[in-house]
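Note on naming: letters A, B, ... go to the chains in the order of the sequence lines (proteins, then strands), and numbering restarts at 1 for each one.
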Amino acid sequence: MSTQDIFAALRARTVAALAELLPDQPAEAFARVQMEPPRDPAHGDMATNAALVVAKAARQAPPKLAAALAEKLAALPEVESAAPAGPGFVNLRLREDFLRAQLPVILTAGESYGDGSVGAGRRVDVEYVSANPTGPMHVGHCRGAVVGDALANLLRKAGWDVTKEYYINDAGAQVLALAYAAYWRYLQALGTTLTEDEYAQSIPGGLQYRGDYLIPVGEALKARFGDSLAEPGGMPAGPSHWLDTVRDVTVEMMMQAIREDLAALGVQQDVFVSERALIESGKLEEAERLLAAKGLIYTGVLEPPKGKTPEDWEPRPQELFRATQFGDEVDRPLRKSDGSGTYFANDIANHLHKIERGFGELVHVWGADHGGYVKRMQAAVAALSDGKVTLDVVLTQIVHVVKDGQPVRMSKRAGTYVTLRDLIDEVGKDAVRFTMLTRKADAQMEFDLDKVVEQSRDNPVFYVQYAHARCRSVLRQAGDPSAAELAAAPLGALADPAELALIRRLASWPRTVEAAAQAREPHRIAFFLHDLAGDFHVLWNKGREDATLRFIRGDEPEATRARLALVAATATVIRSGLAVMGVTPVEEMR
RNA sequence: GCGCCCUUAGCUCAGCCGGAUAGAGCAUCGGAUUUCUAAUCCGUUGGUCGGGGGUUCGAGUCCCUCAGGGCGCGCCA
């Protein structure tokens, strides 16, 4: 629990009071006690369900217990008043000076305000993006990248020891197809007389990647290897002569492009793990031995999927993992008929690698099309770690890009799809990141290119940035007093309901961080900032109507300092939240 | 056929591991501009929380069921 979290602090007070009222109850009896902001602000600043949740064990009527508890809580130094309410709640109204005292806490902590300890330093691996290295990133990858990055930041802020990871899917068939496609660009660079169709027909699977982005790869291959990878005249040589080389160079160049795309989005991952390197190191066999030793692998024949049997279905004995023992619907195959690992098997190797590196918690951000894959992966992690390591999967739904009211069509095959870079160039990194976090991950979203650059209240990016810019504008006009100076200011002048409302919001930041981190829901940060910006805009406009509420008042230096402390604290919390989202705060609007 | 996710105001969405009279924004309509940028703010209208059943002192939230939408279902990753 963060000591900055006033809800946690009052909850602790409540539990202590309960323990005095009910000396016979064990400490566990109070586990479900919560201290929350009531939905209706008229009920006060905080409400606790304490009497409701312990009444049964204590054999007391909830309202009666609530009344006794309220009496004790009312005597606390932080509390103005406490009253039993409803079926057994206790509503608390906090003393204004206690609320105001949160401002120096914020100003002293700076952007570290809200840093939590709920993660308790536990090591968590957050894997996200993990786009196949077969081309530049497109908008479809964008949401997962932003959600994953913000979630990792959020967990870090809440006290986890976070590693940001990218898993390079460089072992599958599509990477070979990529190499064939890059080789075509290489032949072109050499001036081949072959047509694209002739080449496409000569290779397994046809020419799958026709985008222009492979042209520089072809030229790079030519620059590096001359014509040594081809027959004279730019004619194709046997794959054994070039395939590994071309694949390696191409994947390397694609990963370079992806890293640049990610950097443009403000994403910097700590670890890049190559699927191929993992497999070549024997990690899959190691995982199989481990699972076999636990009796979790056998050879069997799966039933065909009901209702939609593939054309070429035939019963076939396969090496299967007993996923059903861990809650999955069927046991899952580990080997293809050619003996190589299935995608699932390779991913087991990947997860074994994570477990061996000592992570106690694993988090993945996947597209919703991988939803059917979650249970089996969780089964594998449970099996490999004997249930000691958890795997959480955050699924992100499709993003539809819209411009001028029309959906923007994507066609990867034609090479005309909207790249991530296009999107960033069009609306900017900050708008992309913020907007991607204005929805729950698991809800489809429309990304309206016109809306996200609009400078109006409709656009939450703008609305929040504008609030920060206004804060900075006020502080600049006041000569940019230091946080330390403001932290020492007397704050008694802050008594208007709008000012106190803003302080309450600021004081709920640590709690918001903690709850969002535990729920793995970074979008809550965006909503919090939107609400906070709203509170600030309200106060700003009150100053317009009532001159005594202006931030800077020449005739009242003490009130001015108090309000500057409030403004500086607001700016600090906005920056703190934007940092989690990976969005740069702006100093002024232009 | 089976599994997972979703369904909340006219629209786009929140709703904090069950808590009090379900909240924002947009749209509608009405109002605030000698300023610390009105790019903002205030007020107003609007909901059987998809339908039905169950658990509970209490359900938008948990369970069952039905309907509608999305995704997936052995050698694609």
Side-chain angles (χ1 to χ4, degrees), chain A residues 34 36-40 42-43 47 49 52-53 55-56 62 85-89 91 130 132 134 169 171-175 275 301-310 312-316 318 320 328-330 332-333 335-344 346-347 367-375 395 397-398 438-440 442-446 448 451 454-460 462-463 466-467 469-470 473-478 508 511-512 514-516 518-519 521 523-524 527-528 530-531 534 537-545 547 550-553 563 567 588-589:
Chain A
Q34 295 177 347
E36 299 185 306
R39 288 202 176 150
D40 185 346
H43 290 141
N49 62 354
L52 285 163
V53 297
K56 196 172 273 181
F89 292 99
N91 293 330
S130 300
N132 296 336
T134 55
N169 291 128
Q174 87 281 11
V175 171
E275 178 180 10
V301 179
L302 288 176
E303 295 285 310
K306 296 217 165 47
K308 190 197 161 202
T309 306
D312 57 347
W313 176 270
E314 51 187 87
R316 180 182 294 124
Q318 288 174 302
L320 300 173
D328 202 1
E329 288 93 44
V330 292
R332 302 292 180 176
R335 292 284 178 177
K336 303 178 192 174
S337 53
D338 68 359
S340 65
T342 59
Y343 176 72
F344 176 54
N346 286 358
D347 223 2
D369 54 342
H370 285 61
Y373 198 70
V374 173
K375 267 192 187 169
L395 297 176
Q397 267 290 357
I398 307 255
T438 55
R439 288 291 117 92
K440 251 185 319 200
D442 199 359
Q444 290 189 17
M445 85 180 286
E446 202 167 85
D448 189 325
K451 269 271 165 62
E454 197 172 294
Q455 303 210 331
S456 77
R457 166 141 218 196
D458 310 15
N459 180 0
F462 172 80
Y463 190 71
Y466 187 36
R470 277 180 152 176
S473 164
V474 170
L475 293 167
R476 275 195 303 272
Q477 293 214 14
S508 69
R511 182 178 185 279
T512 301
E514 184 178 307
Q518 284 182 315
E521 290 184 344
H523 76 278
R524 291 193 200 179
F527 282 93
F528 173 87
H530 190 264
D531 290 343
H537 288 309
V538 166
L539 183 56
W540 178 291
N541 280 277
K542 274 192 112 171
R544 191 190 308 287
E545 285 155 20
R550 296 189 158 213
F551 298 125
I552 299 173
R553 295 183 60 197
R563 291 196 176 129
V567 172
E588 53 187 331
M589 306 305 289

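For Asn91(A), taking side-chain heavy atoms from C-beta onward, the closest of the listed nucleotides rC16(B), rA20(B), rA77(B) is rA20(B). Which of rA77(B), rC16(B), rU37(B) sits closest to the side chain of Arg511(A) comes down to rC16(B). Which of rC36(B), rC16(B), rC17(B) sits closest to the side chain of Val474(A) comes down to rC36(B). The side chain of Pro37(A) has rC16(B) as its nearest neighbour among rC16(B), rG70(B), rA20(B). For Pro333(A), the side-chain atoms get nearest to rG74(B) when compared with the rest of rC17(B), rG19(B), rG74(B). Comparing rC57(B), rC16(B), rU40(B) by their closest approach to the side chain of Leu52(A) singles out rC57(B). When distances run from any side-chain atom of Ala85(A) to the nucleotides rA77(B), rA20(B), rC13(B), the shortest one goes to rA20(B).
Rounded to whole angstrom, the span from the CD atom of Glu329(A) across to the P atom of rC5(B) amounts to 11 Å. rG3(B) atom C1' lies 16 Å from atom NE2 of His370(A), rounded to whole Å. Remark: P of rC13(B) and CG of Asp442(A) are 13 Å apart, rounded to the nearest angstrom.
Within 4.0 Å of Lys440(A), counting heavy atoms only, lie sugar-phosphate atoms of the nucleic acid but no base atom. Contacts of Arg332(A) with the nucleic acid, taken as non-hydrogen atoms under 4.0 Å apart, are absent. Backbone-only engagement by Gly172(A) is indicated by non-hydrogen atom pairs under 4.0 Å involving sugar-phosphate atoms exclusively. Residue-level contact check: Arg439(A) touches the backbone only, with heavy atoms under 4.0 Å from sugar-phosphate atoms and none from bases.
Taking atom P on both nucleotides, rG3(B) is separated from rC63(B) by 14 Å, rounded to a whole Å. Between rG69(B) and rG74(B), the two C1' atoms lie 28 Å apart (nearest whole Å). Comparing the C1' positions of rG72(B) and rC29(B) gives an interatomic distance of 47 Å, to the nearest angstrom. Of the C1' atoms belonging to rU28(B) and rU21(B), the separation is 25 Å, rounded to the nearest Å. When the P atom is used for both rU61(B) and rC49(B), the distance is 9 Å, rounded to whole Å. For the P atom pair drawn from rG60(B) and rG15(B), the interatomic distance equals 16 Å after rounding to whole Å. Taking the C1' atom of each, rG46(B) and rA9(B) are spaced 6 Å apart, rounded to whole Å. rU40(B) and rA27(B) are spaced 11 Å apart, taking the P atom of each and rounding to whole Å.
When the side-chain nitrogen and oxygen atoms of His523(A) are compared with OP1 and OP2 of rG15(B), one or more of them lie within a distance under 4.0 Å.
With a 3.5 Å limit on both pairing distances and Watson-Crick or G-U wobble geometry required, the stems of 3 or more pairs in RNA chain B span B:1-7 with B:67-73, B:10-13 with B:23-26, B:29-32 with B:40-43, B:50-54 with B:62-66.
Stacking is found between Trp540(A) and the pyrimidine-like six-membered ring of the rC36(B) base under the 5.5 Å centre-distance and 30° plane-angle cut-offs. A distance cut-off of 5.5 Å between ring centres, combined with a plane angle under 30°, places His43(A) in a stacking arrangement with the base of rA20(B). Taking a centre distance below 5.5 Å and an interplanar angle below 30 degrees as the stacking criterion, Phe89(A) stacks against the six-membered base ring of rA20(B).
With RNA chain B read from its 5' end, the first of the two nearest nucleotides for Lys375(A) and Phe462(A) is the one closest to Lys375(A).
The aromatic rings of His537(A) and Tyr466(A) lie tilted to each other, with the angle between the two planes from 30° to 60°.
Side chain Arg544(A) to base rC36(B): no donor-acceptor pair is found below 3.5 Å.
Counting only heavy atoms from C-beta outward, the side chains of Asn132(A) and Val175(A) never approach each other to under 4.5 Å. In this structure the side chain of Lys440(A) never reaches within 4.5 angstrom of the side chain of Gln397(A), judged on heavy atoms.
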